[in-house]
Amino acid sequence: MPLTFELCPGRMVGGHHPCFIIAEIGQNHQGDIEIAKQMIRMAKECGADCAKFQKSELEHRFNRSALERPYNSKHSWGKTYGEHKRHLEFNHEQYRELQKYANETGIFFTASGWDDMAVDFLQEIKVPFLKIASADSNNLQYLERTAKKGSQ
């Protein structure tokens, strides 16, 4: 018998259940909450089951030197890497607003937590599952800590 389990409330995956489609929004919203909401709505209209973002607590993920480093790119949202990342990163209240919008739209909401503080916040708002960023797929300490948090 194929493995099946409930990934999100009321949504089984595996076996003969339909594929669970995650729309990767990441930070493609360009730091604009209205664009993020449009992307959530579009993900739902296209048949996705879940809208996924990226969450980090920048001061916990990067050291001061990294955040103060000049960021000279035509795609930069600031003069330093920190300014660029701060522009793209939604605060906690904005994440709650996006989660509420996703719920009202009828699509699950989650995010990749890029650091321990972000994972704690995502657990606080009760995302249905935590997505591990591919960049952390071999970060065994982070995986172990996150797995232990996920089982609480």
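Linking Ile, Leu, Val, Met, Phe, Trp and Tyr residues whenever their side-chain heavy atoms come within less than 4.5 Å leaves I35 and M42 in two separate clusters.
Between the side chain of N28 and the backbone N or O of I25, at least one donor-acceptor pair lies under 3.5 Å. For the pair E68 (side chain) and S65 (backbone), a donor-acceptor distance under 3.5 Å is absent. Counting only distance, with no hydrogens or angles, the side chain of H84 and the backbone of W77 share a donor-acceptor pair below 3.5 Å. Without hydrogens or angle criteria, Q30 side chain to D32 main chain gives no donor-acceptor distance under 3.5 Å. Checking side-chain atoms of D115 against main-chain N and O of S56 turns up no donor-acceptor pair under 3.5 Å. A donor-acceptor pair is defined here as one N or O able to donate and one able to accept, closer than 3.5 Å; such a pair exists between the side chain of Q99 and the backbone of I125. Under a 3.5 Å cut-off, the side chain of S73 and the backbone N or O of H75 do form a donor-acceptor pair. A donor-acceptor contact shorter than 3.5 Å links the side chain of S76 to the backbone of G78. At distances below 3.5 Å, at least one donor-acceptor pair connects side-chain atoms of R61 with backbone N or O atoms of W114.
The CG atom of L143 sits 7.5 Å away from the OG atom of S137 when rounded to the nearest 0.5 Å. Atoms CD and CD1, on E45 and I40 in that order, are 12.0 Å from each other to the nearest 0.5 Å. Rounding to the nearest 0.5 Å gives a distance of 11.5 Å between CG of L122 and CE of M117. One finds the SG atom of C46 at 10.0 Å from the CZ atom of R41 (value rounded to the nearest 0.5 Å). For the atom pair M39 CE and H29 NE2, the distance stands at 8.0 Å (nearest 0.5 Å).
Taking the charged nitrogens against the carboxylate oxygens, R69 and E83 have no contact shorter than 4.0 Å, which rules out a salt bridge. Here K148 pairs with E144 in a salt bridge; the nearest charged N to carboxylate O distance falls below 4.0 Å.
Few gaps surround CD on E104; more than 12 heavy atoms of other groups in view lie less than 6.0 Å from it.
Considering every non-hydrogen atom in both K44 and I107, the closest pair reads N-CD1, 3.7 Å. Taking each heavy atom of A118 and E57 in turn, the nearest pair found is N-CG, 3.8 Å. Counting all heavy atoms, side chain and backbone alike, A36 lies closest to L98 at CB-CD2, 3.8 Å. When all heavy atoms of F121 and R96 are compared, the closest pair comes out as CE1-NH2, 3.7 Å.
Residues P128 and P9 meet the side-chain proximity criterion, which asks for heavy atoms closer than 4.5 Å. Looking only at side-chain heavy atoms (C-beta outward), R11 and E6 stay at 4.5 Å or farther from each other. Side-chain atoms of K79 and Y71, non-hydrogen and from C-beta on, never get closer than 4.5 Å to each other. Counting heavy atoms from C-beta on, the side chains of E97 and K37 come closer than 4.5 Å. Counting heavy atoms from C-beta on, the side chains of L7 and M12 never come closer than 4.5 Å.
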Next item on the list: Begin from the C-alpha positions of F62 and Y81 and carry the test ring-ring contact (aromatic ring centres under 6.0 Å, His included) through to its verdict.
Entry: CA-CA 10 Å; F62 300 103; Y81 188 67; 5.4 Å; yes

Next item on the list: List the steps and the verdict of side-chain contact (heavy atoms from CB on, under 4.5 Å) for F129 and I22.
Entry: CA-CA 12 Å; F129 63 92; I22 300 172; 4.0 Å; yes

Item checked: From CA spacing to verdict: side-chain contact (heavy atoms from CB on, under 4.5 Å), V119, L130 -> CA-CA 8 Å; V119 170; L130 296 169; 3.8 Å; yes

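F53 and F109 have tilted rings, their planes meeting at an angle from 30° to 60° on a 0 to 90° scale.
The cationic group of K55 does not satisfy the cation-pi geometry with F90, failing either the under 6.0 Å distance to the six-membered ring centre or the 45° limit from the ring axis.
Remark: the Q27 side chain and the K85 side chain contain an N/O donor-acceptor pair separated by less than 3.5 Å.
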